[in-house]
Amino acid sequence: MTVTDVLWLTKSLLSQAPKLLLFLVAFLGFCFMTAAALVLTSSTLANRPVCFPGSRNPFAILYQHYQFVVNGPRVIQRGYLQAKNGLFEIPRTFRFGQIVLCSADLVEELKNTRSNLASPEPWIDQLLQISHVMPGYFPAGAGWPKVAKTTPGLIRGTVHKNLDRYLPSINETILAQLNLLDTKNGGNIGSFDFAYSIVARSGSYSLVGERLAQDEEYLDAVKEHILGMITTARAQFLVPDCLKRYIGGLLSRLIGLGTKWNMATSRRTLLKHFDARAAEYRAEISAGCEAISESGLDHSGNPIFRRLYECCIIRKRWTYPEVIGEMLLLQFAFIYTTSYGLYVALVELARRPEYSEPLRAEIDLTVGKIGPTLPACKAMVLMDSFLKESQRLHPPAARITLKQGSHVAVPSELIQQLSVNYENPDNFDGFRFVKRAAAGDKNSQLVDLSPDYLVFGMGVHACPGRWMASALMKLALAHILTRFDVALADLSSDSLTGSLSFEEFYVPNFGLKIALRQRT
Ligand code: HEM
């Protein structure tokens, strides 16, 4: 660059100075207005007598909001330690704060609250912000989609009722996936990726059917979409609702650009596959191939996608975009949560090799004798306890008269580690729940619900997929243990959770590896 160039550049910058100054003032003004609006709305929406985890000054409110977005479990822990009247509130900007109930009687009161008074829908809506993260799928301004309200019933009536019909496919998929494993390089494998590869394939059988459950492009897109959804929703928390329609979409694209977690690209791939399957279903239905029964659509082996699609074109209950939107939500509810459950159990198994032999002995006596069936899954009581204990210590989420619309949560992780509920609560005791059952405890199975075990929620909205998740994880662990010795690959990186959270949800440590060594 010559001296003339430098002079020219300085001159042109000076000539632009008023414009730059104006831009700077406008930008700072925008930041100030946004910050003021954030503080004002969160103070107006907050419930007065309830304490915050930090102080109530404007900067502290902004800071708590930011911290909740990136490290929710830590904020919950801080609030829990200071909750004087049994509850505290995490201030949320532009929306209702999150009320966290800490005392046992408040948790019991919430459990017994009628579903028309307390419903999880506004919370999930706020967490995932579906109208912004997934625009165009559900009717705008109509709240939580109606199709999502009926799916729990559909899952109970299909996936749960006909679980035994899905098990052979689940079993075959797990075995096929293990056959593909390359255990040459010491068998080191990313623990979450491994858990995902099993759950996504075997779980997708009941969600979308055999063909898509084996399609690598589809399975990759599901993972990228789930993770993209987490990243995008996290970014959206920082944008006021009124601005989301203008800058929300752009922000989402910028966040995912160039990363593997690109929602726009992965969604295009998913849509391509959904559209192709839907066209086939439509052709089959109009040709009467699958002989749909008069009374209803009770094909027990049919995947959930087909059932929802039939409800869309035969009964005209949902539109096609609503069906697709619900499928995208279900992938989060089913695949992510179950992968997380299997992931934590695998890491605990790698950390504690002493559990392998008793578990293998039980597998021989159950799956070995009667095959990979529901009775075998039921009979694996040590495995059940091991999974329950893994989720007790590592649940996927850390979770008066309140204002109408307030969001109420329960800090499940902290409750599950209280000494009033569990002896030596910080210790991992894989067979803790078998011992509790022997001592007469009625709620000792993985799928049992109780106020001291909240991994699957409680009350009328408790997880309807827990039986499926339990059977899938048991079969996966049974096959893994039969074939491999499981150890930690790298002791230096054994933190189970990643450095950022998704509000109260943990995100796994994607770098945590386990080593699978083929048994001789
Ligand atoms: C380890 C795996 C899983 C965990 C930890 C889990 C956890 C949860 C939790 C905590 C809730 C909220 C309950 C409440 O609000 O009280 C829930 C709801 C739900 N889960 Fe699961 N889940 C898992 C697997 C599954 C699977 C496999 C499916 C599908 C087959 C599923 C489908 C759903 C649905 C549809 C709801 C909404 C229920 C409603 O609103 O009534 N989940 N789950």
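We count ligands from 1, going down the list as the structure has it; atoms in each ligand are counted the same way. Residues take their numbers from the sequence shown, with the count starting at 1. Only this structure's heavy atoms are used, side chains among them; waters, hydrogens and symmetry mates stay out. Only a predicted model underlies this, so the values are computations on that prediction, with no experimental measurement involved.
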| remark: OG of S191 to CD1 of I514, rounded to nearest 0.5 Å, is 4.0 Å
| query | More than 12 non-hydrogen atoms from neighbouring residues, nucleotides or ligands closer than 6.0 Å to CZ on R352, yes or no? | reply | yes
| note | Numbered in order shown, the ligand 1 atoms found under 4.0 Å of a heavy atom of T338 are 1 (C), 2 (C), 24 (C), 27 (C)
| task | Ignoring hydrogens, just give me the one of T337, L154, L163 whose non-hydrogen atom is nearest atom 23 (C) of ligand 1. | result | T337
| request: Would you tell me whether S169 and E210 have side-chain atoms, one donor and one acceptor, within less than 3.5 Å of each other? | output: no
| request: Answer yes or no: does an N/O atom from A333 fall short of 3.5 Å to an N/O atom of ligand 1? | output: yes
| message | Is there a side-chain contact between T338 and V199 in this structure, where contact means two heavy atoms from C-beta onward sitting under 4.5 Å apart? | response | yes
| said: Going by the closest heavy atom to atom 34 (C) of ligand 1, which one wins out of P395, G457, P464? | reply: P464
| message | Quick one, Q416 with R392, criterion side chain to side chain donor-acceptor pair (under 3.5 Å). Give me CA distance, side-chain angles, the key distance, then yes/no. | response | CA-CA 6 Å; Q416 285 167 195; R392 179 183 74 82; over 6 Å; no
| Who's closest to atom 21 (Fe) of ligand 1 heavy-atom-wise, of S206, C463, G153? | C463
| Would R432 and E423 pass as an ion pair if we require N to O under 4.0 Å? | no
| Any donor-acceptor pair under 3.5 Å linking the side chain of T319 with the backbone of E322? | yes
| task | Heavy-atom contacts with V455 under 4.0 Å: which atoms of ligand 1 show up? List them by number with element. | result | 5 (C), 7 (C), 10 (C)
| Sub-4.0 Å heavy-atom contact, P152 with ligand 1 | yes
| Which is closest to atom 3 (C) of ligand 1 by heavy-atom distance: Y340, F334, F456, F332? | F456
| Under a 4.0 Å heavy-atom limit, does I155 contact ligand 1 with its side chain, its backbone, both, or neither? | side chain
| query | Below 4.0 Å from any atom of ligand 1, is there a heavy atom belonging to T151? | reply | no
